[in-house]
K.L.:
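Below is the structure I would like to discuss, written out as structure tokens.
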Amino acid sequence: MDEKLIKLDNGDYGIIAHYREQEVPDYRNNPLIEALPPILSVEEAFEQLGYLPEYEEKEINLSAHHRYHALLRLTRFYQPVEKTLELEMRFSRLIRGGYIYRNPNNKTHAEVLLELHRRLENNEPLGLPPNISKTASSLSIIGFSGMGKSTAIERILSLYPKVIVHQFPLNIMQIPWIKLNCPNDGSPKTLCLDFFIKMDEILGTSYYKQYGKKGDSLSFLIIRVGQLARAHCLGVLIIDEIQHLLTAKDEVSSSMMNFLVTLVNEIGIPIMLIGTTKAKELLQINFRQARRAGGHGELIWEQMKKDDNWEVLLTSMWEYQWIRKRAVLTQEWMDTLYEESQGIVDIAVKLFLLAQSHAIETGKEEITPKTINLVSHKYLKMVQDMLNALRLGSEEQIAKYDDITPFDVEEFLSNRTPVVNMRDRIIEQKEKLAKKRNQKELSTLETVIITLINLDINEKLAESTAKRIINENKEISSKEAVQKALAIINQINDSKKDNTKKLNNKRSMNIILKMVNNGRMEKKTAHNSLIEEGIIIAPFSDNKLF
């Protein structure tokens, strides 16, 4: 069913609530749950969470610098594995469970809002009466940097709309989730201000202007956060990079954890915390008091094992090759990539990408397991110590490299592009990241060239025509550029046909003229010369030309 949209004050669009009948009794007659996307089976989650960019084998015919840009598509590739599916299932339960006792059709919903407002007016501390039901859970995701935990949660969040608009009689703008980064200073006050800013971005409101005053106390801000979270039916508050609390002073860190526990226990908002293994002990000690924390628990996000999941990942990734001599996935390849990446998906994808860029740049146009070894030690030097620690299985050594800076592939490819384009003339020249407009032009150019090649047009003619069109029409769309290019190519082909026809006619005329001139030298008429050559026949003759 197509979703109906409504324009918000900030110019963005919200989804008008469409209520689905619920099979789980606990979820029935609750519009906040009924308006969420359907609960997914494992098979449905696997299909919807994956992102496999478009790819055509004919793209290997593109010039080197265009293939270099096409390689960036690998950075958007995402193949869900068992851990992703487990996280999707836990998040699905987390958000729905948090809504069970926040049904806007029940009087409890209004009572909580009124109670929070009363406490604000009277400057009373936060804490709701025990007769107001409030059950929420927490979920922690812990893992080393680069394991893909943040990417996984982003893919899962993409299944849920940012805002759902419930029209009369509810008149509620429901926010299923908000994701914030833990402030570097670990300050709960900063987090509250970030919350207001995020609310304004989603809804087009002015909460930060109203409540973001420097003089307001933390207790005032916390109650405002709770009030807004309840009013807009916030499903889950997600806080990433929670390990930043370790750099904060003890009293600040403790204040933040108390704030998070308060949101769960007193306001009834489910919390998801994402952090590196450094934050594990902190969360276990300080967050265990959160209501029903064991309900969804803790998900340890480790590197992949060399099993069926690993094979599924590589099989999907292996389709994306832009080298002229295509590599075949073998057990040796799977072993080599695992050894060099230690099961970290981010590193495995980057190694595959870097190996191809090396093959294109050097002109070899093929990759081998040795290429993976080469680019790993040449371009991923910063992660070698961490990978060695993973090979040894030493948690103490691994912890030293917990927050290692990831390798920026996009910047790397942008800096290597001039080497590919002008290798014979310029050896050392670097180029900064192209501006967004240039990137758009290159993307349009690449799309047009690929489309023309798919229409069986010669690669060189497709590239030269596409460049001409886009250079003359900077703001042209891909569709319009293809249409103009086809018109020009058709003109070129028609012109070639006309020239060939004229040339053939000219040759025929030259042969006849030569026959006539030869006859004249022998004092013959043109008519008699052409009869003798068999070009024409004499009147009343029995001879036939054909």
Side-chain angles (χ1 to χ4, degrees), residues 26 30 32-33 87 90-103 108-109 111-113 115-116 119 125-142 153 157 174-183 186-192 194-195 198-199 218-219 221-245 252-275 279-299:
D26 293 343
N30 187 328
L32 301 180
I33 298 177
L87 178 58
R90 290 201 192 192
F91 183 84
S92 179
R93 293 200 303 260
L94 181 70
I95 189 172
R96 287 169 173 82
Y99 278 138
I100 289 177
Y101 292 98
R102 287 190 289 153
N103 190 336
T108 307
H109 179 74
E111 289 175 354
V112 170
L113 292 177
E115 179 65 16
L116 288 170
R119 289 178 180 274
L126 188 62
L128 297 176
N131 62 325
I132 297 180
S133 299
K134 45 194 181 299
T135 59
S137 300
S138 62
L139 170 63
S140 302
I141 307 174
I142 304 298
I153 190 61
L157 294 179
Q174 175 187 357
I175 300 178
W177 57 270
I178 282 181
K179 183 172 179 286
L180 303 173
N181 281 336
C182 181
S187 165
K189 190 169 185 178
T190 304
L191 189 69
C192 289
D194 289 344
F195 179 87
K198 197 68 176 181
M199 277 278 192
L218 176 59
S219 60
L221 293 176
I222 291 175
I223 293 177
R224 279 298 185 199
V225 167
Q227 188 181 40
L228 293 177
R230 275 279 187 171
H232 290 294
C233 304
L234 175 61
V236 179
L237 176 62
I238 302 144
I239 303 176
D240 203 352
E241 308 294 350
I242 198 69
Q243 70 275 3
H244 288 169
L245 290 181
V252 174
S253 176
S254 177
S255 178
M256 174 65 87
M257 297 310 297
N258 288 335
F259 164 64
L260 297 177
V261 171
T262 298
L263 284 179
V264 176
N265 288 351
E266 304 299 334
I267 307 297
I269 305 298
I271 298 283
M272 174 184 283
L273 302 179
I274 307 172
K280 183 178 180 181
E281 186 176 347
L282 175 76
L283 295 176
Q284 287 178 335
I285 294 174
N286 296 296
F287 205 55
R288 62 174 54 171
Q289 57 182 307
R291 184 188 305 273
R292 296 179 62 194
H296 299 285
E298 182 179 83
L299 189 61

K.L.:
If we only count heavy atoms from C-beta on, is the Met199 to Ile175 side-chain gap below 4.5 Å?
P.N.:
yes
K.L.:
Who pairs with His232 by ring pair (Phe, Tyr, Trp, His ring centres under 6.0 Å), at least two apart in sequence or on another chain?
P.N.:
Tyr207
K.L.:
NE2/His244 to CD1/Ile239 distance, rounded to the nearest 0.5 angstrom?
P.N.:
12.5 Å
K.L.:
Quick check for you: to the nearest 0.5 Å, what is the distance between Leu228 atom CG and Leu234 atom CG?
P.N.:
10.0 Å
K.L.:
Please give me the minimum heavy-atom distance between Gly235 and Ile95, naming the atom from each residue.
P.N.:
CA-CG1, 4.0 Å
K.L.:
Looking at side-chain heavy atoms only, is the closest gap between Met256 and Pro183 below 4.5 Å?
P.N.:
yes
K.L.:
Are any of the side-chain heavy atoms of Arg102 and Ile269 separated by less than 4.5 Å?
P.N.:
yes
K.L.:
Using the side chain to side chain contact (heavy atoms under 4.5 Å, CB included) criterion, which residues pair with Ser92? Sequence neighbours excluded.
P.N.:
Ile39, Glu88, Arg96, Tyr160
K.L.:
If you measure from CD1 on Ile274 to CD1 on Ile141, what distance do you get to the nearest 0.5 Å?
P.N.:
4.5 Å
K.L.:
Would you sort out whether Leu245 and Cys182 count as a side-chain contact (heavy atoms from CB on, under 4.5 Å), showing the intermediate values?
P.N.:
CA-CA 8 Å; Leu245 290 181; Cys182 181; 4.0 Å; yes
K.L.:
If we check side-chain contact (heavy atoms from CB on, under 4.5 Å) with Tyr99, which of these qualifies: Leu32, Val236, Asp26?
P.N.:
Leu32
K.L.:
Could you measure the distance from the CG atom of Leu237 to the CG atom of Leu191? Nearest 0.5 Å is fine.
P.N.:
6.5 Å
K.L.:
Just how far is it from atom OH of Tyr101 to atom CG of Asn30, taken to the nearest 0.5 Å?
P.N.:
11.5 Å
K.L.:
Side chain of Glu241, backbone of Asn181: donor and acceptor closer than 3.5 Å?
P.N.:
no
K.L.:
Taking side chain as C-beta onward, heavy atoms only, is Pro188 less than 4.5 Å from Ile222?
P.N.:
no
K.L.:
Do Val264 and Leu260 come close enough that some side-chain heavy atom pair is under 4.5 Å?
P.N.:
no
K.L.:
How long is the straight-line distance from CG of Leu273 back to CE of Met257, given to the nearest 0.5 Å?
P.N.:
6.0 Å
K.L.:
I'd like to check the salt bridge (charged side-chain N to carboxylate O under 4.0 Å, His left out) partners of Asp194; sequence neighbours left out, ordered by chain and number.
P.N.:
none
K.L.:
With side chains defined as the heavy atoms from C-beta onward, is the minimum distance between Leu221 and Phe195 less than 4.5 Å?
P.N.:
no
K.L.:
Going by heavy atoms in the side chains, are Asp240 and Ile153 under 4.5 Å from each other?
P.N.:
no
